[in-house]
Amino acid sequence: MLEKNFDPQTAEPRLYAAWEAAGAFAPIDDPDAEPFAIVIPPPNVTGSLHIGHALNNTLQDVLIRFERMRGKAALWLPGTDHAGIATQMVVERQLAEAGNQSRRDLGREAFVEKIWEWKAKSGGTIVNQLRRLGASCDWSRERFTLDEGLSAAVRKVFVTLHKQQLIYRDKRLVNWDPHFQTAISDLEVEQREVDGNFWHFAYPLEDGSGEIVVATTRPETMLGDTAVAVHPSDERYKGLIGRAVRLPIVGRPIPIIADEYADPEKGSGAVKITPAHDFNDFMVGKRNNLPMINILDDFGRINDNAPAEYRGLDRFAARKKVVEAFEALGLLREVEKTRHTVPHGDRSGVVVEPYLTDQWYVNAEVLAKPAIKAIEDGSTVFVPKAWEKTYFEWMRNIQPWCISRQLWWGHRIPAWFGPDGRVFVEETEGEAKRQAREHYGRDEPLRQDEDVLDTWFSSALWPFSTLGWPEKTSDLARFYPTHTLVTGFDIIFFWVARMMMQGIHFMDGQVPFKRIFINALVRDAEGKKMSKSKGNVMDPLELVDDYGADALRFTLTAMSGQARDIKLSRQRIEGYRNFGTKLWNATRFSQMNGCARAEGFDPAAVKVPLNRWIVGETTRTAQAVTAALADCGFDRAADELYRFIWRQYCDWYVELAKPLLGKPEEPPADAAAQAETQATAAWALDVILQLLHPVMPFVTEELWAQTADLGAARAYQGQLISAKWPELPTSLIDPAADAEIGLIIEAISEGRSVRAELNVPNSAKPALLVVEASEAQAKVLRDSAPLIAQLLRVSDVRFVQAVPDGAIPYVVEGATLALPVAEFIDLAAERARLTKEVGALAGDIERTAKKLGNADFVARAPEEVVEENRERLAEAEAAKAKLEGALRRLVTAA
RNA sequence: GGGCGGCUAGCUCAGCUGGUCAGAGCGACUGGUUUACACCCAGUAGGUCGGCGGUUCGAACCCGUCGCCGCCCA
């Protein structure tokens, strides 16, 4: 006998270990099996599982378990990402907390060594948390973006793209993060709106004949100004073009140039130009051959290109000092309050500076073209489709991708410089040396580029590098292209787009995945983004502790349909925990009632209408769940399962089956019906366990095991995780049985409603009177009398000619039934009930009659719609007439 | 400034290609020792489907427009 409740705390680890021990997570060997692969979005190796991971990985697990049961060679390939900045940051912070040393004190080699130590110590955290969730990843294939194989893939890709001139080195402005002292890509820059000032500065003309006013939000940049620009057609400045101003503080003469970038409408119409510290000014500088004077160092301090008293000052201190100087010089014309957007580093949170450096770039424009086409022609599809717009928008306006980072943690760039600055890009140092020897005619000392690659550079290769590329492995041949990618919309640009580009480029035009499912973002119950600083973070592990992994999984699955946000509340999770318990108890009930699999049971051969009905409903559900999961309709699948298992199987099937099952200690009224019901219940339960398994793997696996010995052996005797997915033919659905059980359910429901509304005591057991019914209905009601008696709490079912005085009539599917409960009821309550019913019917009749009275409707609407309305009208009118009769009698009686 | 998404019962949300589409869960309220389950059972609650126009025989669902809310990109 089953315990009273399922205990996730003890059962889940045990069940997970059993799956692993059985090797259930590896794809089956069968060479004929259709491959179905998912690569995990690799979480940061130093991270821990947050609720977004829980959602994302639950959906992946649902999919992989579903496809595995459908007989595919299902591979869910797990792994982690070295996450350059994030990880380096964590370890640096640790060092600082532990004592004293900065990474620079420690030196590159020792620092990287420390990170590896940290990874060894805590890198397994998130992976173990995925296990707690029930993730059925093939851990034997686990990868890490910095492991040997993936590093080889990274080098090969870099070298190949370089030889194809799709990777190049360039000196241009980058987004510089002074906190981490590294370049970052456009995507890693966050635009934040902040309060600031527009400082209006007067620059005196060199010849002392006047001044020109420019405005800036970053005064310190004036130290690097190399021109003032005005619009060529701006009449005010026509005469000044070609002349010069003397840059205050610095004393350098700079030209007044004409450039269309200057907007006559804005401010004075003149703008200061700092080509080395502003993206727009950089363009102006290029166009006009202006000198580019860099005034900052890597830390964002003023460098030696500025006057002595500014050197070494932080940029913000310098800003203040510059403004003070202008004021002192009498050249500060105005200070205007303003709100403007300022770029910040997404990791550091500090203001990012445009900074002139040498960096490596990927020519993304070229790689993007086929990646755009792959979505256009449907080689890869987005689900939901709307996301392709976001993808196109970005891809069609893609900019060069800056891939070098001045960090130590990551893939070191395979480029070596000779003494004259010539670069040799090769996969190994040896090869670079050979190339150098050939070039120089002798051995020259080479110096490897200090920089590492953007983390996303290696993540972009994930779908093929994890399968063994550049080796020609059997996994690569079998599982590439992968089938579905499940990820969040926040990394469509960072990751999805780049995988598309690299996958297609390096895998002979083959897309990395056929389908991209974009999951929602999880928020707290108020709809706020969860963050540590807000204190509204829900820890998935804590939720697993409190409710079990199944409950959390079901909740996330059921809520996954939301367009963009999931507002998660504990209440919801609790509800689905209860759902698991409900299933547990339904199984317990069948155990108590001898429900066991029958040898050679054939659902098509079942005779009792109730059993035929549940076979049909089970079939419908199986089909609906299959269709939903095949289509990434996770929420629909969950809703379908919930409704069927609780609302149909438990509420109706089990209840209606009770009379057929009889009491365990008594001999059955109908032994054949009892046996059939026991067998059918067991069959349906087995199907339920299979259908629910992808979403709630633990409780279903446990029940599967606990019911393994009940009755005949299953065709498949292994674990549920490896069992076959139910495929039930539509022929199992019997409309006649549906109609019969439908009538019984309605008769009981409506009858209950009457009793409740009239406050008929529970203990009262009147007869149920059938006043008027078709022959078929009468037969059903007669045959099901014991069922109805039990569930409606009536003494029996009797057939009469008319509604007796004091009996309460109600209409179900055209049949008139009545409950003789005169002695219990309150006449006023009954009048109210009947009046309400009649009113509702009258409203329906009015609407329908109006529609049918519309000649255009009758003429233009499809025949079946018109017919449907006619029937509805007739039914409603008949029902109304019956109830009105009852109401009249009631009035006269009173 | 450009783009996207949302606005449906107190709350969280379903409602695909216009014709029982006005729904579910939770909450609230009422009543329950019914062959498993109180993590349960039965029942009740009436929201002009954000506003205004339009298309249509017919619109929550299509079009236009306005209003909030959120996100992405400049």
Side-chain angles (χ1 to χ4, degrees), chain A residues 1-2 4-6 186-187 190-191 341 384 386-387 389-390 392-394 397 489-490 492-493 520-521 523 525-529 547-548 551 555 558-559 561-593 595 631 633 635-636 639 642-643 646-647 650-651 654-655 657-659 661-666 748-763 790-793 836 840 844 847-848 850-862 864-866 868-869 871-872 875-876:
Chain A
M1 176 62 62
L2 286 173
K4 191 140 191 222
N5 279 317
F6 177 59
D186 296 344
L187 283 176
E190 233 171 61
Q191 300 293 340
T341 55
W387 288 108
K389 276 192 100 157
T390 306
F392 285 142
E393 193 61 34
W394 189 69
N397 297 294
F489 58 81
D490 50 336
I492 289 179
F493 305 148
L521 204 69
R523 297 172 180 273
E526 266 74 58
K528 298 207 180 72
K529 196 166 171 172
Y547 305 104
T555 308
M559 301 183 83
Q562 258 109 103
R564 282 195 179 184
D565 298 344
I566 290 181
K567 291 174 191 146
L568 194 62
S569 74
R570 280 183 165 261
Q571 216 172 37
R572 194 80 186 244
I573 305 170
E574 205 176 300
Y576 290 127
R577 187 267 322 266
N578 297 351
F579 172 63
T581 306
K582 186 73 184 175
L583 173 65
W584 183 268
N585 279 297
T587 309
R588 209 159 156 261
F589 171 84
S590 49
Q591 255 188 1
M592 291 172 166
N593 284 277
C595 299
D631 216 25
D635 55 335
R636 276 183 288 135
D639 286 348
Y642 184 91
R643 187 196 55 78
W646 200 320
R647 277 14 310 177
C650 292
D651 287 354
V654 169
E655 292 307 321
K658 282 177 181 174
L661 292 168
K663 291 199 198 304
E665 63 279 6
E666 288 171 14
I748 294 169
S749 291
E750 291 299 310
R752 280 172 175 166
S753 184
V754 169
R755 291 184 68 129
E757 278 181 57
L758 298 178
N759 302 316
V760 175
N762 246 325
S763 54
Q790 183 152 343
L791 295 187
L792 227 200
R793 303 185 68 71
K836 184 175 142 196
D844 194 26
R847 274 193 305 278
T848 315
K850 194 172 157 197
K851 205 179 246 185
L852 287 166
N854 183 337
D856 279 331
F857 172 72
V858 178
R860 300 197 187 193
E864 68 257 32
V865 173
V866 177
E868 205 176 285
N869 276 279
E871 278 167 25
R872 183 133 66 104
E875 260 175 49

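Convention: sequence-line order gives letters A, B, ...; per-chain numbering from 1.
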For [N] versus [M], give the span between their [atom1] atoms, rounded off to a whole number of Å.
N      : M      : atom1 : result
B:rC16 : B:rA60 : C1'   : 14 Å
B:rC11 : B:rA28 : C1'   : 11 Å
B:rU8  : B:rA14 : C1'   : 10 Å
B:rA24 : B:rC71 : P     : 32 Å
B:rA45 : B:rC26 : C1'   : 14 Å
B:rC49 : B:rG18 : C1'   : 15 Å
B:rG58 : B:rU48 : P     : 23 Å

Take the protein atom [atom1] of [X] and the nucleotide atom [atom2] of [N], then report the distance between them rounded to whole Å.
X        : N      : atom1 : atom2 : value
A:Glu393 : B:rC4  : CD    : P     : 9 Å
A:Asn759 : B:rG31 : CG    : P     : 9 Å
A:Arg572 : B:rA14 : CZ    : P     : 10 Å
A:Tyr576 : B:rC13 : OH    : P     : 13 Å
A:Gln191 : B:rG2  : CD    : P     : 18 Å
A:Arg636 : B:rA14 : CZ    : C1'   : 11 Å
A:Phe392 : B:rG2  : CZ    : C1'   : 18 Å
A:Glu190 : B:rC71 : CD    : P     : 12 Å

- Query: If you take all heavy atoms of A:Tyr576 and A:Ala558, which pair is closest and at what distance?
  - Reply: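 Heavy atoms only, the tightest pair is OH-CB, 3.7 Å.
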Answer whether the closest heavy-atom distance between the side chains of [X] and [Y] falls below 4.5 Å.
X        : Y        : result
A:Arg752 : A:Leu791 : yes
A:Glu393 : A:Asn397 : yes
A:Asn585 : A:Cys650 : no
A:Phe589 : A:Lys658 : yes

- Any chance you could measure A:Phe489, atom CZ, to A:Trp387, atom CH2, to the nearest 0.5 Å?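 CH2 of A:Trp387 is found 5.0 Å from CZ of A:Phe489.
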- What distance separates A:Thr587 OG1 from A:Met592 CE, expressed to the nearest 0.5 Å?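 One finds 11.5 Å between OG1 of A:Thr587 and CE of A:Met592.
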- Task: Return the 5'-most residue of the pair A:Asp639, A:Gln571 with respect to RNA chain B, ranking by each residue's nearest nucleotide.
- Result: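 Result of the comparison: A:Asp639.
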Under 3.5 Å for both donor-acceptor distances, Watson-Crick or wobble: does [N] have a partner, and if so which one?
N      : value
B:rC13 : B:rG23
B:rC62 : B:rG54
B:rC71 : B:rG3

- Query: How are the rings of A:Trp584 and A:Phe6 set relative to one another: parallel (under 30°), tilted (30 to 60°) or perpendicular (over 60°)?
  - Reply: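 The arrangement is tilted - the two ring planes meet at 30° to 60°.
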- If the sugar-phosphate is the primed atoms plus P, OP1 and OP2 and the base is the rest, what is the B/S/- string for nucleotides 34-47 of chain B, using protein heavy atoms under 4.0 Å? BBBBSBSSSSSS--
